[in-house]
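These numbers were taken from a predicted model, which means no experiment stands behind them. Note on naming: letters A, B, ... go to the chains in the order of the sequence lines (proteins, then strands), and numbering restarts at 1 for each one.
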There are 2 protein chains.
Amino acid sequence: MSTITSIHDASSEGDDSMEDGGASIYERLRDDIIHGRVKANERLKVADLANRMGTSTNPVREALQQLRGEGFVIMTPNRGARVRPIDEDFVRDICEIEVLIEPALTRWFVGIVTNEEIEELEQIQAEIEGLNFADEMTHSNLDLRFHKLMYDRHYNRHAVDLWMRHRHILWAISRRFPTSLSRQSNVLDEHRELLDCIKAQDADGAARVIGRHVEGSGRHIIERMRLARHTAP
Amino acid sequence: MSTITSIHDASSEGDDSMEDGGASIYERLRDDIIHGRVKANERLKVADLANRMGTSTNPVREALQQLRGEGFVIMTPNRGARVRPIDEDFVRDICEIEVLIEPALTRWFVGIVTNEEIEELEQIQAEIEGLNFADEMTHSNLDLRFHKLMYDRHYNRHAVDLWMRHRHILWAISRRFPTSLSRQSNVLDEHRELLDCIKAQDADGAARVIGRHVEGSGRHIIERMRLARHTAP
DNA sequence: AGTTTTCAGATCGTACATTATTTGTCAATG
DNA sequence: CATTGACAAATAATGTACGATCTGAAAACT
């Protein structure tokens with residue numbers, strides 16, 4: 001019946017109900033879309049999803065509406081919901097926005113940074129270098145902590161929220177692929193360079209570095225996506 | 001019962017049901033929030049809203065979820081929805097984002113603009129000058145057409161969508177207040193300056209002008225909001 | 001072959017049940 | 001006598017079930 005290859009199948013559990021895994025319906029749906037487990041433009045039928053999630057239709061409908069508000073699904077009246085394609089263009093688009101926003105956030109951070117924060121940043125950076133990409137998962141967490149520390153105290157909550165949303169999406173996508181060695185060394189270099197600029201109170205320099213950082217990260221993800229698409233269409 | 005002063009009251013109509021006015025529940029709610037007809041942080045009870053809208057609770061719930069996705073309401077589990085305050089800070093936040101995004105969009109537009117488009121822009125500008133702020137409504141529409149023409153062909157749909165959303169919010173807010181004379185002349189000047197830069201193929205200049213344009217617009221709205229807040233708290 | 005009809009499938013709206021939170025009362029205690 | 005704590009009732013959010021309405025496409029008909 002369903003065109004979706006059974007993901008989150010309720011039948012995977014021991015007996016019947018229980019164990020929603022703690023993840024909300026919204027999150028499961030969102031992850032399926034971001035991770036590309038549902039095909040682009042695929043139709044999302046509430047009854048189907050309700051079965052798969054082990055609930056009734058109402059929670060699914062509300063989750064879909066929320067996802068529509070965030071732009072992950074496209075809904076047309078009386079015609080249901082379709083998943084917005086998360087393709088290279090999409091990544092390029094949000095990266096381009098980040099290239100504009102993150103330098104601004106960084107610039108402000110340089111102006112208000114304290115010694116304690118610099119120390120903490122250096123400590124995180126040391127952990128990252130010590131780990132040396134041995135575990136993608138913990139590396140991502142450390143990287144997130146690094147940037148989050150810089151942006152968290154910013155007054156523009158709207159911009160920071162936007163950054164967080166974009167960041168989550170990009171992170172989810174990049175989880176599909178391994179990070180190339182050259183990109184790894186670039187990341188380390190850029191972080192070090194950024195720290196130097198912050199310590200030297202060079203706001204423009206820090207903004208430039210972050211700009212390059214984001215652009216490089218985006219370019220890397222897009223290349224990997226293109227590669228994956230051409231090897232396994 | 002409700003703390004919301006009856007807006008969209010169903011009893012305002014001739015007899016009983018009919019006439020939802022064409023506006024969806026989502027739009028009505030969204031407008032009430034943006035226009036400040038519901039107080040900041042006000043609690044939104046689904047049963048209340050359902051009564052007011054003349055429908056049952058389910059459509060209201062879905063509208064709220066969509067609004068949450070867009071960031072207009074804040075929902076906490078088992079505790080319902082509250083309206084996000086649309087205050088001066090909020091306006092400042094989205095304006096700051098626009099100050100970053102719009103110059104980038106404009107810069108690209110200068111690179112691909114055709115003679116026909118320049119002509120159309122000049123025609124719109126002529127209409128704007130001819131109208132000279134006699135009617136706020138049609139002025140807003142013309143201004144929207146002016147900027148929309150510049151951004152509509154841009155490849156980064158995500159950025160343009162973001163701009164449109166922000167633009168609608170700002171437009172709805174500024175509708176509450178009259179435009180000051182000094183701001184009016186600034187708007188005309190900036191548009192003229194922008195056209196000159198575009199015709200001269202001066203991308204950097206155009207970006208600078210748009211930056212000033214957005215910043216000035218934001219500053220104007222914020223000042224008006226502050227004023228209104230202090231005169232009628 | 002092209003148009004109309006019919007019908008299954010899916011969305012949308014309403015009503016109801018369940019569960020969690022808030023509120024209000026009253027007794028026990030310092 | 002005031003304050004606090006526990007318990008009960010009300011209030012509101014969350015979830016389930018079902019009927020109404022719309023869409024899309026196959027089947028019947030001219």
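Spacing between atom NZ of B:Lys45 and atom P of D:dT14 amounts to 14 Å, rounded to whole angstrom units. The separation between A:Leu64 atom CG and C:dT11 atom P is 9 Å, rounded to whole Å. Between A:Glu62 atom CD and D:dG15 atom C1' there is a gap of 9 Å when expressed in whole angstrom units.
Toward the 5' end of DNA chain C, the nearer of the two residues A:Ala81 and B:Thr57, judged by each one's closest nucleotide, is A:Ala81.
When B:Arg226, B:Arg224, B:Arg229 are each tested for a side chain to side chain donor-acceptor pair (under 3.5 Å) with B:Glu88, only one passes: B:Arg229.
Taking every heavy atom of both residues into account, A:Arg82 and A:Asn41 meet most closely at NH1-O, 2.8 Å.
For B:Met75, whose side chain is taken as the heavy atoms from C-beta onward, the closest listed nucleotide among D:dA13, D:dT14, D:dG15 is D:dT14. Closest to the side chain of A:Val46, from the set D:dA13, D:dT16, C:dT11, is C:dT11.
With hydrogens and angles ignored, no donor-acceptor pair closer than 3.5 Å exists between the side chain of B:Arg61 and the base of C:dG13. Side chain B:Asn78 to base C:dT21: no donor-acceptor pair is found below 3.5 Å. You won't find any donor-acceptor pair under 3.5 Å spanning the side chain of A:Arg79 and the base of D:dG24, going by distance alone.
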**Message:** One pair to check against side-chain contact (heavy atoms from CB on, under 4.5 Å): B:Asp48 and B:Arg43. What are the steps and the verdict?
**Reply:** CA-CA 10 Å; B:Asp48 257 17; B:Arg43 187 145 175 222; over 6 Å; no

**Item:** ring pair (Phe, Tyr, Trp, His ring centres under 6.0 Å) assessment of A:His158 paired with B:Phe90
**Value:** CA-CA 8 Å; A:His158 209 268; B:Phe90 185 80; 5.4 Å; yes

